[in-house]
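The next block holds one structure in the form of structure tokens; read it before the comments.
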Amino acid sequence: MVRLAGLALLSARTTLWALAGVLLSLVSGIISARMLGPSDRGTLAIVLTVVGLTALFGALGTNVSLRVFLPSDSRVTLTVFRRLSMKLVFVNLVLCLIAMMILSRTVDARLTNMEIVGGIALLAVATFTSTQVLDCFNAVHASARSAQLNAGGFLITAVLLGAVWVSGGGLLGGLLAYFGGFAARSGAGIWLLFRSSSVHDSPARPGGQRLLLINGVPLLGMNVGQALMLRSDQLLVGVLAGTQAAGLYAVATIPAGILTVISNSVGQVTFAEAAYGRLTYSRLLRQTLLALASTLGVAGIGFLLVPWLVPVLFGVDFIGAVGVAQVLLLAQVLLAPYLVLSRAMAGYGLVKWAGYSGLAGVPVLMVSAIALLPTYGLMGAGLAATVAFLFLSSVTMVGLILNRPWAQSNL
């Protein structure tokens, strides 16, 4: 049995590496904002949002079902997952390019230019591969290594963006810099996995791919729901208010993204503990309170610092992002329980509950945003996120209370 101290240490290591990644991502955001300005930064933010979402859709939830069944079903191996991922990368690419064609009519006509399309295609493949590779580490209870690789990728992105900025590059250069970071994550992760005997000692088994797909589709709701919660408001701002407003909102979401990483990191460890049958009620409660308290503390500090940091780091052109950034920081406190509890659900094997709870908040967010954006502008988008986050955490808590899956843990 893993001791509580060991669980807390693993959560802390994962969180520290994840925070390093977020800080490096912040550097990338600062460079890209100063390099591109609000309008082009808005276009880049929308592209990154869509690429991230299509990477999740294209995976069909297999990255989550791998983490559920790798510890418990001999048909599921990393070799099976790798072969399936090589097929699904094409699904991801098609979804991404279709989305860009649609957005070119409402957001930015350049999204159909051949050079931009080529950069987006490379970014889509690298992002998908990176997502699948990092979840291999999460599946074998190596979430700290996953976060470490992610941080390394953001470091490379920041360095490449700096080079693009110095050389006078524009939107295409920004896309290629992000591609470089995701490609580096993927390459390093694949190399580390192939060094591990677990890959070579686990051959492909009949039925493994089918099992991952059948259970992955319901679980897709958890990851996609979370991603839509954190990103679809940016899309709505871009469509309803234009790329300049999207650029301001993208900057406003950066401080909130730091808070998301804290709860996400605790949630990754919690997921593995549940999947391996070691997550008791007391451990789940401690993990949730750890995420909530940490998020609340950092949110309070961030609320006070944001009015000074935004204009200093991003420039005076982005000062309109300050108020909504403060709202989004407080909203993350309401989201923290969901980011831990939803992963516990998936690890416990509550496949449908985990998937549907993630999707449940999407219509709440979209309806709220559509209702509030025209009247309250960017602040309305922040308020819509707050409503949706509270709803999500509440639904997930109710689901766990009703099912009480900790009663079946292997103690």
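All heavy atoms count here, side chains included; hydrogens, waters and symmetry mates do not.
With a 4.5 Å cut-off on side-chain heavy atoms, Cys136 and Leu66 count as touching. Under the 4.5 Å side-chain criterion, counting only non-hydrogen atoms from C-beta, Leu350 is in contact with Pro405. No side-chain heavy atom of Leu78 sits less than 4.5 Å from a side-chain heavy atom of Arg82. Between Val266 and Thr288 the shortest side-chain heavy-atom distance does not fall below 4.5 Å. Side-chain contact between Phe182 and Leu123 is present, with at least one heavy-atom pair separated by less than 4.5 Å. Leu328 places a side-chain heavy atom less than 4.5 Å from the side chain of Thr253. Met100 is not listed as a side-chain neighbour of Thr54, based on a closest heavy-atom distance of 4.5 Å or more. Thr77 places a side-chain heavy atom less than 4.5 Å from the side chain of Val80.
With Gln326 contributing its side chain and Phe303 its backbone, the two residues share a donor-acceptor pair below 3.5 Å. A donor-acceptor contact shorter than 3.5 Å links the side chain of Ser393 to the backbone of Tyr338. Proximity of a side-chain donor or acceptor of Ser130 to a complementary backbone N or O of Ala126 within less than 3.5 Å is not detected. Counting only distance, with no hydrogens or angles, the side chain of Ser65 and the backbone of Thr62 share a donor-acceptor pair below 3.5 Å. With hydrogens and angles ignored, the 3.5 Å screen pairs a side-chain donor or acceptor of Asp73 with a backbone N or O of Arg75.
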Under 3.5 Å, which donor-acceptor pairs link side chains of residues 17-29 to any protein atom two or more places apart or in another chain?
unit_1	atom_1	unit_2	atom_2	d
Ser28	OG	Leu24	O	3.3
Ser28	OG	Ala158	N	3.4

List the steps, then state whether side-chain contact (heavy atoms from CB on, under 4.5 Å) holds for Leu330 with Thr386.
-> CA-CA 8 Å; Leu330 299 179; Thr386 303; over 6 Å; no
Evaluate the side-chain contact (heavy atoms from CB on, under 4.5 Å) criterion for residues Leu176 and Val164: first the C-alpha distance (whole Å), next the side-chain angles of each, then the deciding distance (0.1 Å), finally the verdict.
-> CA-CA 9 Å; Leu176 294 177; Val164 171; over 6 Å; no
Verdict with supporting geometry, Leu400 and Leu284, side-chain contact (heavy atoms from CB on, under 4.5 Å) = CA-CA 11 Å; Leu400 281 168; Leu284 176 58; 4.2 Å; yes
Could you go through the side-chain contact (heavy atoms from CB on, under 4.5 Å) check for Ser368 and Leu383 one step at a time?
-> CA-CA 8 Å; Ser368 300; Leu383 293 172; over 6 Å; no
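Listed by first then second residue, pairs satisfying side-chain hydrogen bond (donor to acceptor under 3.5 Å, both in side chains) with a partner in residues 154-181 number zero, not counting sequence neighbours.
Annotation for Gly174 and Met35: closest pair CA-CE, 4.3 Å, computed over non-hydrogen atoms. In plain terms, the two heavy atoms of Ala55 and Thr131 that are nearest each other are CB-OG1, 4.3 Å. Contact detail for Phe128 and Ser85: the closest heavy-atom pair is CE2-O, 3.5 Å. Scanning both residues, Val125 and Thr129, for their nearest heavy atoms gives O-OG1, 2.8 Å. Nearest approach of Val68 to Phe271, heavy atoms of both residues: CG2-CZ, 3.7 Å. When all heavy atoms of Ser146 and Asn138 are compared, the closest pair comes out as CB-OD1, 3.5 Å.
Separating the OH atom in Tyr348 from the OG1 atom in Thr270 is a distance of 9.0 Å, to the nearest 0.5 Å. Separation of atoms CZ (Arg145) and CG (Leu193) is listed at 10.0 Å; rounding is to 0.5 Å. Rounding to the nearest 0.5 Å places CG of Leu285 at 9.5 Å from OG1 of Thr280. With values rounded to the nearest 0.5 angstrom, Thr127 atom OG1 is found 11.0 Å from Leu53 atom CG. Note that CG of Leu93 is 11.0 Å distant from CD1 of Ile120, once rounded to the nearest 0.5 Å. Taken from CG in Leu134 to OG in Ser186, the straight-line distance is 7.5 Å, to the nearest 0.5 Å.
In this view, Asn215 satisfies the side-chain hydrogen bond (donor to acceptor under 3.5 Å, both in side chains) rule with no residue, not counting sequence neighbours. Asn92 is linked by a side-chain hydrogen bond (donor to acceptor under 3.5 Å, both in side chains) to nothing, counting only residues two or more places apart in sequence or in another chain. Taking Thr295 as the reference, Ser263 meet the side-chain hydrogen bond (donor to acceptor under 3.5 Å, both in side chains) condition, with sequence neighbours excluded. Under the rule for a ring-ring contact (aromatic ring centres under 6.0 Å, His included), the partners of Tyr281 that lie at least two apart in sequence or sit in another chain are Trp406.
Cation-pi check for Arg185 over Phe154 is met; the charged atom lies under 6.0 angstrom from the ring centroid and within 45 degrees of its normal.
Across Arg286, Arg283, Arg343, a single residue satisfies salt bridge (charged side-chain N to carboxylate O under 4.0 Å, His left out) together with Glu273, and that is Arg283.
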